[in-house]
Amino acid sequence: MENPGGNQTPIVELILVGFENDPELQPLLFLLFLVIYLVAVAGNLLIVVLVVADRHLHTPMYYFLANLSAVEICSVSTSLPRLIGSLATGDRTISLQNCYVQFHFGVIFSTTQCHLLTAMCIDRYLAICHPLRYPALMNGRVCCHMVAWAWIIAISYSIMLEMLILQLTFCGPKEFDHLVCDFSATNSFCGRADKLSIGTNYVSIILMFMNFLLSLASYTCIIISILRIRSSTGRQKAFSTCSSQLIVVTVFNVCVIINYVVPVFRPPPLQYKLLSVLNGIVIPLINPFLYSLRNKEVSQALRTATEKLAAFRHRHRV
Ligand SMILES: *[C@@H]1O[C@H](CO)[C@@H](O)[C@H](O)[C@H]1NC(C)=O
């Protein structure tokens with residue numbers, strides 16, 4: 001890193017090094033990420049469309065799910081298209097401005113995702129542990145507020161980071177051994193970088209940890225009350241409404257833990273890069289499948305929708 005804070009020309013472009021070492025791997029990775037991106041977008045879009053279109057799914061639980069799917073679409077769309085493009089063309093540069101934009105939207109979407117998952121846990125907790133009071137506690141208005149707050153907190157967090165970053169200069173290195181502009185980009189700032197690392201690391205760890213504790217508490221209560229249900233069909237029914245979500249929440253928290261713990265062990269760069277990308281795509285990818293395959297109401301809605309579509313086609317052909 002040469003002369004930070006000196007009179008050198010400011011860096012306006014970054015090089016995301018990516019998978020430089022393996023030119024033969026490039027087409028394969030291009031295909032892989034392209035397929036992942038298309039599947040994630042299509043699957044989540046399907047969930048949003050189903051929830052909006054099917055009256056049976058107009059409940060807080062599915063509103064949260066549709067909102068989560070919408071966030072997942074935005075989230076993969078901030079990180080993957082540039083990566084796919086650069087795997088296709090071999091052009092690894094990204095302007096500093098684009099890197100900022102990618103970083104900020106990434107922060108907003110991942111924070112919102114985290115809050116929505118917690119909101120979904122709280123929703124299931126109320127539904128299963130306080131079934132009689134549930135309709136009063138969780139109505140459309142409350143649901144709307146929770147969704148709104150998930151966004152408000154995420155956007156204010158990102159604005160706070162922005163204000164910290166604006167006081168700093170980017171001093172490189174210009175080569176940035178990563179696939180996307182995410183939190184690791186914040187190591188490349190100089191000036192009052194200590195403030196920034198407080199802003200990024202501590203606040204995000206606190207936010208994540210609070211969400212983690214809330215989800216853990218909700219699920220502990222849920223599991224305890226499910227175990228107390230005497231009839232086995234009742235137990236199964238209660239469990240089936242939250243098992244998909246339990247998997248998503250667990251995977252999410254494992255990803256977060258991996259994201260914070262793995263760097264400590266200084267893994268080989270390629271593995272670490274893959275892992276950090278995986279973190280952003282694993283939930284968008286599994287979410288639609290978990291909900292559509294394991295959830296009776298969603299698969300019923302899907303069946304109704306395909307039947308309607310088939311009938312529509314048939315009518316127009318005859
Ligand atoms: C998100 O949640 C709001 C409020 O509950 C709901 O009205 C809206 O339909 C949801 N968004 C989607 C895409 O379903």
Side-chain angles (χ1 to χ4, degrees), residues 43-44 46-48 50-51 54-72 112-147 149-150 207-258 279 282-304:
N44 284 295
L46 181 67
I47 297 240
V48 172
L50 279 182
V51 171
D54 197 306
R55 254 182 328 103
H56 299 110
L57 302 183
H58 287 182
T59 62
M61 175 172 149
Y62 292 111
Y63 282 146
F64 284 132
L65 178 62
N67 275 286
L68 182 68
S69 285
V71 172
E72 306 296 9
T112 308
Q113 176 197 37
C114 179
H115 295 315
L116 283 179
L117 284 172
T118 311
M120 291 167 88
C121 287
I122 294 172
D123 170 67
R124 284 304 84 202
Y125 163 72
L126 293 175
I128 291 171
C129 301
H130 302 282
L132 297 181
R133 279 190 291 157
Y134 178 72
L137 289 172
M138 183 62 76
N139 48 36
R141 208 168 58 89
V142 176
C143 172
C144 219
H145 280 182
M146 288 174 91
V147 171
W149 276 107
L207 279 179
M208 298 271 186
F209 193 64
M210 265 168 30
N211 282 295
F212 173 71
L213 283 187
L214 266 173
S215 328
L216 193 69
S218 305
Y219 265 98
T220 312
C221 297
I222 290 172
I223 287 169
I224 289 173
S225 63
I226 286 178
L227 291 180
R228 277 211 207 111
I229 297 175
R230 277 207 210 96
S231 76
S232 68
T233 51
R235 207 182 302 157
Q236 238 161 25
K237 199 164 158 241
F239 193 68
S240 79
T241 67
C242 58
S243 56
S244 314
Q245 204 205 329
L246 184 59
I247 297 173
V248 172
V249 170
T250 310
V251 170
F252 176 77
N253 282 303
V254 168
C255 281
V256 167
I257 291 169
I258 286 177
N279 201 2
V282 95
I283 303 265
L285 204 56
I286 63 170
N287 200 32
F289 291 103
L290 276 178
Y291 278 96
S292 49
L293 295 180
R294 299 172 52 90
N295 185 297
K296 281 213 187 74
E297 278 163 320
V298 175
S299 42
Q300 182 59 44
L302 191 59
R303 215 169 301 132
T304 317

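Qualifying side chain to side chain donor-acceptor pair (under 3.5 Å) partners for N287, counting only residues two or more places apart in sequence or in other chains: none. Under the ring-ring contact (aromatic ring centres under 6.0 Å, His included) criterion, H58 pairs with Y63, sequence neighbours left out. With sequence neighbours excluded, the residues forming a side chain to side chain contact (heavy atoms under 4.5 Å, CB included) with I224 are T220, R228, listed by chain and number. Applying the side chain to side chain donor-acceptor pair (under 3.5 Å) criterion to S243, with sequence neighbours excluded, gives R294. The side chain to side chain contact (heavy atoms under 4.5 Å, CB included) search around I226 returns I128, I222, R235, A238, F239, C242, not counting sequence neighbours. Residues passing the side chain to side chain donor-acceptor pair (under 3.5 Å) test with T112: none are found, sequence neighbours excluded. Looking at residues two or more places apart in sequence or on another chain, you find no side chain to side chain donor-acceptor pair (under 3.5 Å) involving Q236. In this structure R141 satisfies the side chain to side chain contact (heavy atoms under 4.5 Å, CB included) test together with N139, H145, sequence neighbours excluded. Considering only residues two or more places apart in sequence or on other chains, Y62 meets the ring-ring contact (aromatic ring centres under 6.0 Å, His included) condition with none of them. Among residues two or more places apart in sequence or in another chain, the side chain to side chain contact (heavy atoms under 4.5 Å, CB included) test is passed with L46 by L50, L302.
Residue pairs meeting the side chain to side chain donor-acceptor pair (under 3.5 Å) criterion with at least one member in residues 116-129, sequence neighbours excluded: T118-N211, D123-Y134, Y125-H130.
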Would you be so kind as to tabulate the donor-acceptor pairs closer than 3.5 Å made by side chains of residues 244-252, with sequence neighbours excluded?
{"residue": "Q245", "atom": "OE1", "partner": "Y219", "partner atom": "OH", "Å": "3.3"}
{"residue": "Q245", "atom": "NE2", "partner": "M120", "partner atom": "O", "Å": "3.4"}
{"residue": "T250", "atom": "OG1", "partner": "L246", "partner atom": "O", "Å": "2.5"}

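Contact check for S215 versus L117: no side-chain heavy atoms found under the 4.5 Å cut-off. Counting heavy atoms from C-beta on, the side chains of L137 and V142 never come closer than 4.5 Å.
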